[in-house]
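A short write-up of the structure that comes next.
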Amino acid sequence: MRVLVVGSGGREHALAWSVAASPLCDRLYCAPGNAGIAEEAQCVPIAAADTAAIVSFCRRERIDFVIVGPEAPLVAGLVDALAAEGVAAFGPTAAAARLESSKSFAKELCTRAGIPTAAYRRFRDAAAAKAFVAAHGAPIVVKADGLAAGKGVVVAAELESAYRAIDAALVERRFGAAGDEILIEDFLDGEEVSFFALADGKDALPLAAAQDFKRLGEGDRGPNTGGMGAISPAPGLGAALEGRIMDRVILPAISAMREMGRPFKGVLYAGLMLTADTPRLLEFNVRFGDPEAQVLLPRLLSDPLPALLAAHDGVLRRVDLRWKPEAALCVVMAAQGYPEAPLRGTEIRGLAAAGQDPQLKIFHAGTKRDGDRLLADGGRVLGVTALGADFAEASARAYAAIDKIDWPEGFCRRDIGPRGG
Ligand code: AMP
Ligand code: GLY
């Protein structure tokens, strides 16, 4: 098979790395990729957003299967455009990707399918929203309806910060059209997990769960980021809870999407809060998580490619995936200044020596080559993933590798691992 991965981050490096190992894959391309992905695949300089160029590349190179990493091209209809030209692609159509691109659509689906989530109200008027918040009290959560690159959610501990979040979206219009409407919802308390399942339009197959470390600073302090690290399996999530998430969240969502004429194929990523009574949905995403993919895929013992194909072909029922018993842990190395203004172009040395351990893989998230030099080219730059008999072993392995990386302008959190040790 001739396969194309679309995207350029750590998630796409993990996808390319695991697909490159498949005996089914003869040729692997990535658009646009990065310096690490170039070691697994042939990178082609086409932006993930350039739908027309991706479609014509696939026709010209007779690509058999496209795997779309990020949400933006899915929401923009890349899978639809490829299907129209007879090119098979993994991922939802634009109609199904609405589960991620509109939080109110996701909430309506929860109501329709009986999926437990936080109680919420929708607002377009700032005064009405503030009156509701004042009557409700804090803590409370304010969310822009549309895609806001992870910046559209404010968990407000006091009323003042909720009012500011309302003004930011509805008055200052900081998120443009994505913030024309906001959701105000109840604060949920508990452990957060990211749960992943493959879906083929009618059936779903659980993958695994992970925990993501979204805050920039150690001890979960500081601003939200795309994710500074991840671990899998998710602590506290046994087979019983996993079954409950499939029965109460994933399968009802897949059935409801099908009934609504928007059959969902691809990865369904449920961001969940494990509240005292039941897991409740925080959000749906329509793709693998980043950096969650960097801990899920290294734990997969089975070849992922037949499973992704089966999701596309509607035959997931025939797939059985095997997982390694090991724990996986990924530490993200980011460039100084991330997330606000990451420093670009600094040189990274020592990766070859750091990456010797066979239980370790250094995924590239934002790098480029300049002759023989490897340069940082993004906010999140590397994701160092290690496997171990337990998280302590995986953590020791990951941080030992990080200590060998010579990159003074990079930083990471030193506390990635199960919370509370
Ligand atoms: P979302 O993009 O909706 O997943 O929200 C981003 C982050 O905000 C989540 O990962 C949670 O940490 C937090 N969050 C969102 N909704 C709630 C809620 N209702 N209660 C508590 N925290 C929340
Ligand atoms: N790590 C969070 C996400 O991929 O959305």
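Hydrogens, waters and symmetry mates are skipped; everything else that's a heavy atom, side chains included, is used. Ligands are counted one by one from 1 in listed order, and the atoms in each one are counted from 1 as well.
Every residue meeting the ring-ring contact (aromatic ring centres under 6.0 Å, His included) condition with Tyr269, not counting sequence neighbours, appears here in chain and number order: Phe196.
Heavy atoms of Arg11 come nearer than 4.0 angstrom to ligand 2 in no pair at all. Heavy-atom distances between Gly227 and ligand 2 stay at or above 4.0 Å for every pair.
Pairing each heavy atom of Tyr338 with each of Gly379, the nearest pair is CD1-CA, 3.4 Å. Residues Pro252 and Ile115 share a closest heavy-atom pair of CB-CG1, 4.1 Å. Considering every non-hydrogen atom in both Val19 and Cys25, the closest pair reads O-CB, 3.5 Å.
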Checklist entry - After noting the C-alpha distance and the side-chain angles of Arg122 and Lys107, does the key distance pass the side chain to side chain contact (heavy atoms under 4.5 Å, CB included) rule? => result CA-CA 10 Å; Arg122 298 158 63 166; Lys107 283 290 200 187; over 6 Å; no

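Near Gly226, meaning under 4.0 Å from one of its heavy atoms, ligand 2 places the atoms 1 (N), 2 (C). With ligand atoms numbered from 1 in the order given, ligand 2 contributes 4 (O) to contacts under 4.0 Å with heavy atoms of Gly289. Below 4.0 Å from some heavy atom of Tyr269 lie the following atoms of ligand 2, by number and element: 2 (C), 3 (C), 4 (O), 5 (O). Listed by number with element, the atoms of ligand 2 under 4.0 Å from a non-hydrogen atom of Asp212 are 1 (N), 2 (C).
In terms of polar-atom proximity, Asp290 is counted as a contact of ligand 2, with an N or O under 3.5 Å from an N or O of the ligand.
Using a 4.5 Å heavy-atom threshold, the side chains of Asp220 and Arg419 count as touching. Here the side chains of Trp17 and Glu39 are not in contact, with every heavy-atom distance at 4.5 Å or above. Side-chain atoms of Ile231 and Pro235, non-hydrogen and from C-beta on, do get closer than 4.5 Å to each other. The closest side-chain heavy-atom distance from Val5 to Ile37 is not below 4.5 Å.
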With the criterion set at N/O pairs under 3.5 Å, what does the list of contacts between the protein and ligand 1 look like, atom names and distances included?
{"unit_1": "ligand 1", "atom_1": "2 (O)", "unit_2": "Lys103", "atom_2": "NZ", "d": "3.3"}
{"unit_1": "ligand 1", "atom_1": "2 (O)", "unit_2": "Glu283", "atom_2": "OE1", "d": "3.1"}
{"unit_1": "ligand 1", "atom_1": "3 (O)", "unit_2": "Lys103", "atom_2": "NZ", "d": "3.1"}
{"unit_1": "ligand 1", "atom_1": "3 (O)", "unit_2": "Lys143", "atom_2": "NZ", "d": "2.9"}
{"unit_1": "ligand 1", "atom_1": "4 (O)", "unit_2": "Glu283", "atom_2": "OE1", "d": "3.4"}
{"unit_1": "ligand 1", "atom_1": "4 (O)", "unit_2": "Glu283", "atom_2": "OE2", "d": "2.9"}
{"unit_1": "ligand 1", "atom_1": "10 (O)", "unit_2": "Glu192", "atom_2": "OE2", "d": "2.4"}
{"unit_1": "ligand 1", "atom_1": "10 (O)", "unit_2": "Lys214", "atom_2": "NZ", "d": "3.1"}
{"unit_1": "ligand 1", "atom_1": "12 (O)", "unit_2": "Glu192", "atom_2": "OE1", "d": "2.6"}
{"unit_1": "ligand 1", "atom_1": "12 (O)", "unit_2": "Glu192", "atom_2": "OE2", "d": "3.3"}
{"unit_1": "ligand 1", "atom_1": "16 (N)", "unit_2": "Lys143", "atom_2": "NZ", "d": "3.1"}
{"unit_1": "ligand 1", "atom_1": "16 (N)", "unit_2": "Glu185", "atom_2": "OE2", "d": "3.4"}
{"unit_1": "ligand 1", "atom_1": "19 (N)", "unit_2": "Glu185", "atom_2": "OE2", "d": "2.7"}
{"unit_1": "ligand 1", "atom_1": "19 (N)", "unit_2": "Asp186", "atom_2": "O", "d": "2.9"}
{"unit_1": "ligand 1", "atom_1": "20 (N)", "unit_2": "Leu188", "atom_2": "N", "d": "2.8"}

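A salt bridge (Lys or Arg N to Asp or Glu O under 4.0 Å) with Arg287 holds for exactly one of Glu292, Glu71, Glu12; it is Glu71.
Of the candidates Glu100, Arg287, Glu283, the one placing a heavy atom closest to atom 3 (C) of ligand 2 is Arg287.
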